[in-house]
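This report refers to the structure that appears directly beneath it.
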Amino acid sequence: MGGGGGGGLGRRRHFAYLPLLLPLLLLAVAGAAAGKEKEKGAFGKLRFRRESGTFKVVQVADMHYADGRSTACEDVLPSQVAGCTDLNTTAFLYRVFRAEEPDLVVFTGDNIYGANSTDAAKSMDAAIAPAIDMKLPWAAVIGNHDQEGTLSREGVMRHLVGMKNSLSSFNPEGIEIDGYGNYNLEVSGVEGTPMDEKSVLNLYFLDSGDYSTVPSINGYGWIKASQQVWFQQTSSSLQAKYMNENPKQKEPAPGLVFFHIPLPEFSSFTAANFTGVKQEGISSASINSGFFASMVEAGDVRAAFVGHDHINDFCGKLNGIQLCYAGGFGYHAYGKAGWSRRARVVSVQLEKTDNGEWRGVKSIKTWKRLDDKHLSTIDSEVLWNRGSNGRRRKNPGGS
C-alpha cells in the first residue's frame with residue numbers, strides 16, 4: 001500500500017457498509033471449474049510455448065486480502081458497496097486468469113493486509129487460492145503490510161514458499177542477504193530447439209522492505225546493498241552463461257525485475273513521457289539506495305514492475321529501462337471510486353527464424369486488464385523490441 005497522494009504511511013479509510021450480499025460467487029465457481037480442466041503438469045521448469053513462442057506473466061499488485069466474506073471493500077461507488085468484500089478480489093483473479101491463461105502469475109506484495117487479518121496464513125491461502133485452483137505456477141514478493149498480522153516478515157515469506165505451485169524462494173543459499181524473498185527464475189526456450197536448455201528470459205525478485213529501521217531516516221524501506229550485490233552477481237553469471245555457452249549469443253537475455261515499493265526514479269516522468277496515469281505521489285523510500293543504477297549497470301534489465309501506489313498504473317522509460325506500476329488489484333485496498341481495479345499483463349515473444357525455429361526474445365509487450373463489465377484491455381504498448389527502443393501506443397479511454 002502506498003501513500004495515497006503522498007500522505008502519511010499506512011493511510012487507511014474505513015466506512016460503514018450496508019449488509020453484505022453474495023458477490024460474484026457464480027463467476028468464481030465457474031473459474032474454478034475452468035482451472036481444473038487446464039492441467040499444466042509439473043512446475044519445475046518455466047519455458048516458452050511451442051505453438052506461439054510466447055511467455056505471459058500476469059502481475060497482481062496489492063490485493064490487501066484479509067478475512068474474505070467478512071472484509072468489506074474500500075473506495076467503490078455507492079452502488080457497489082452492498083455485498084462488496086474480499087471475494088470480489090477473488091472473483092477478479094478468476095476472471096483475469098481465465099482470460100489471459102498466463103504462464104506465470106507474480107504477486108508483487110501487500111498480498112494480504114495483515115492488520116485486518118484474523119489469521120495471516122489463512123488469509124494468504126485464500127488470497128492466492130485462485131492461482132492454485134487453476135494450477136498456475138506463481139511467484140511472490142512481500143510488501144509493507146503482509147507482516148502486520150499474525151506472521152512475521154520471515155514467517156510470511158516462508159509460508160509463501162511452502163504453498164502449492166509456488167516458485168518463490170526464501171533467499172539464495174550460502175550468502176548473507178537483507179530481507180526475505182530475494183531470488184531469480186529462469187525461463188527456458190522452446191523445448192526441442194537449440195535454446196531449450198538456455199534461459200532466454202530472466203526474472204528477478206527482490207524484497208524492497210517495509211519501513212526504515214534507521215532512526216534518522218523516516219519513511220519506507222529500500223533495497224539494500226547486500227541485495228544489490230546478489231542481483232549484480234546473478235545477472236553477470238546468467239549473462240556469461242547465455243552468451244558464452246553454445247549456442248553462443250551476441251546479446252544478453254532480457255531481464256524483468258519485480259518488487260513492491262517504487263524507486264525514487266519513478267518520479268522522473270510526466271504525462272508526456274509515460275503510458276497510463278499518475279494519480280498520487282510516488283511513495284518511494286526517502287533515500288536513494290542506488291538500485292536503479294545497479295539495474296542499468298547490469299545491462300540486461302528491460303523493465304521493472306512494482307505496486308504500492310494503487311492509483312498509479314503508468315510505465316515510463318528511463319535510461320533504457322521501463323519502470324511500470326501495475327495499479328491496485330484488491331478491493332480491500334484504497335483506490336478511487338469509479339476507477340476500476342486492474343492487473344498488468346506482460347507478454348514476451350520469441351524471434352522465429354526463416355526455417356520456423358524459435359530463437360531468443362524478440363519483443364516484450366504489456367497491457368492492463370480492468371475489472372469492469374467487459375474485462376477491458378487498455379494501454380497496450382511495446383516495452384522493448386530487440387534492435388529498437390520500444391514504442392508507446394496509447395489507447396483512448398485508458399485512464
Side-chain angles (χ1 to χ4, degrees), residues 1-7 57 59 61-62 106 108-110 143 204 206 208 219-223 254-329 334-336 339-340 342-347 363-370 377-385 388-399:
M1 174 179 173
V57 177
Q59 179 195 1
D62 298 274
V106 178
T108 51
D110 284 3
Y204 304 96
L206 294 101
S208 54
Y220 291 109
W222 56 87
I223 296 172
L256 306 178
V257 187
F258 299 89
F259 48 96
H260 180 69
I261 298 175
L263 304 175
E265 284 80 6
F266 275 74
S267 298
S268 303
F269 308 108
T270 66
N273 61 2
F274 66 60
T275 299
V277 296
K278 177 179 178 289
Q279 302 177 116
E280 62 177 311
I282 309 299
S283 297
S284 59
S286 59
I287 64 166
N288 193 327
S289 70
F291 185 58
F292 181 76
S294 292
M295 292 193 296
V296 174
E297 290 171 359
D300 64 332
V301 176
R302 305 306 174 198
F305 302 93
V306 304
H308 193 57
D309 299 327
H310 306 177
I311 55 175
N312 292 340
D313 73 350
F314 65 80
C315 283
K317 188 176 181 181
L318 183 66
N319 295 115
I321 297 177
Q322 296 276 358
L323 301 178
C324 296
Y325 278 107
F329 191 98
Y334 78 81
K336 183 178 180 181
W339 193 73
S340 298
R342 58 202 58 210
R344 181 169 291 282
V345 183
V346 182
S347 182
S363 65
I364 302 171
K365 300 178 182 179
T366 190
W367 57 88
K368 285 162 291 193
R369 284 281 195 167
L370 308 186
T377 298
I378 65 166
D379 292 342
S380 177
E381 60 177 313
V382 176
L383 294 179
W384 179 78
N385 232 339
S388 75
N389 291 323
R391 61 187 183 274
R392 298 185 297 137
R393 187 173 67 222
K394 289 206 172 185
N395 184 332
S399 61

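- In this structure, OG in S208 is found 4.0 Å from CD1 in I261, a value given to the nearest 0.5 Å.
- Separating the CD atom in Q59 from the CZ atom in F258 is a distance of 6.5 Å, to the nearest 0.5 Å.
- Proximity of a side-chain donor or acceptor of E280 to a complementary backbone N or O of H310 within less than 3.5 Å is detected.
- Minimum heavy-atom separation, A61 to A326: CB-CB, 3.7 Å.
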Quiz prompt | Check against side-chain hydrogen bond (donor to acceptor under 3.5 Å, both in side chains), S283 and D309 | solution = CA-CA 7 Å; S283 297; D309 299 327; 3.1 Å; yes
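- Expressed to the nearest 0.5 Å, how far CZ of F291 lies from CD1 of I223 amounts to 4.5 Å.
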Self-check item: Full working for side-chain contact (heavy atoms from CB on, under 4.5 Å) between F329 and D62
Solution: CA-CA 6 Å; F329 191 98; D62 298 274; 5.9 Å; no
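- Every side-chain contact (heavy atoms from CB on, under 4.5 Å) that S267 has, sequence neighbours left out, goes to I282.
- Rounding to the nearest 0.5 Å gives a distance of 8.0 Å between CG of D379 and CZ of R342.
- Across I311 and G335, no two heavy atoms sit closer than the pair CG2-C, 3.7 Å.
- R344 contributes a side-chain N or O that, together with a main-chain N or O of D313, makes up a donor-acceptor pair within less than 3.5 Å.
- Partner of F266 under the ring pair (Phe, Tyr, Trp, His ring centres under 6.0 Å) criterion, chosen from Y325, F259, F305: Y325.
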Self-check item: Candidate pair V345 and K368, rule side-chain contact (heavy atoms from CB on, under 4.5 Å), full reasoning
Solution: CA-CA 6 Å; V345 183; K368 285 162 291 193; over 6 Å; no
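- Taking OG1 of T275 as the reference point, atom CD of E381 lies at 4.0 Å (rounded to 0.5 Å).
- Q279 contributes no side-chain N or O that, together with a main-chain N or O of N312, makes up a donor-acceptor pair within less than 3.5 Å.
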Quiz item: Checking side-chain contact (heavy atoms from CB on, under 4.5 Å) for the pair L256/V346: CA distance, chi angles, key distance, verdict?
Solution: CA-CA 10 Å; L256 306 178; V346 182; 4.2 Å; yes
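- The distance from atom NE2 of H260 to atom OH of Y220, rounded to the nearest 0.5 Å, is 7.5 Å.
- The heavy-atom pair separating S268 from N273 by the smallest distance is O-ND2, 4.3 Å.
- In terms of heavy-atom proximity, S284 sits nearest to L263 at CB-C, 3.7 Å.
- Nearest approach of S347 to W367, heavy atoms of both residues: CB-CH2, 3.6 Å.
- For F274 and F314, the ring centers sit closer than 6.0 Å to each other.
- Across A285 and P264, no two heavy atoms sit closer than the pair O-CG, 4.3 Å.
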Exercise. For L323 and E265, run side-chain contact (heavy atoms from CB on, under 4.5 Å): C-alpha distance rounded to whole Å, both residues' side-chain angles, the deciding distance at 0.1 Å, then the answer.
Key: CA-CA 8 Å; L323 301 178; E265 284 80 6; 4.0 Å; yes
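- Of the possible polar contacts, none joining the S286 side chain to the G219 backbone as a donor-acceptor pair under 3.5 Å is found.
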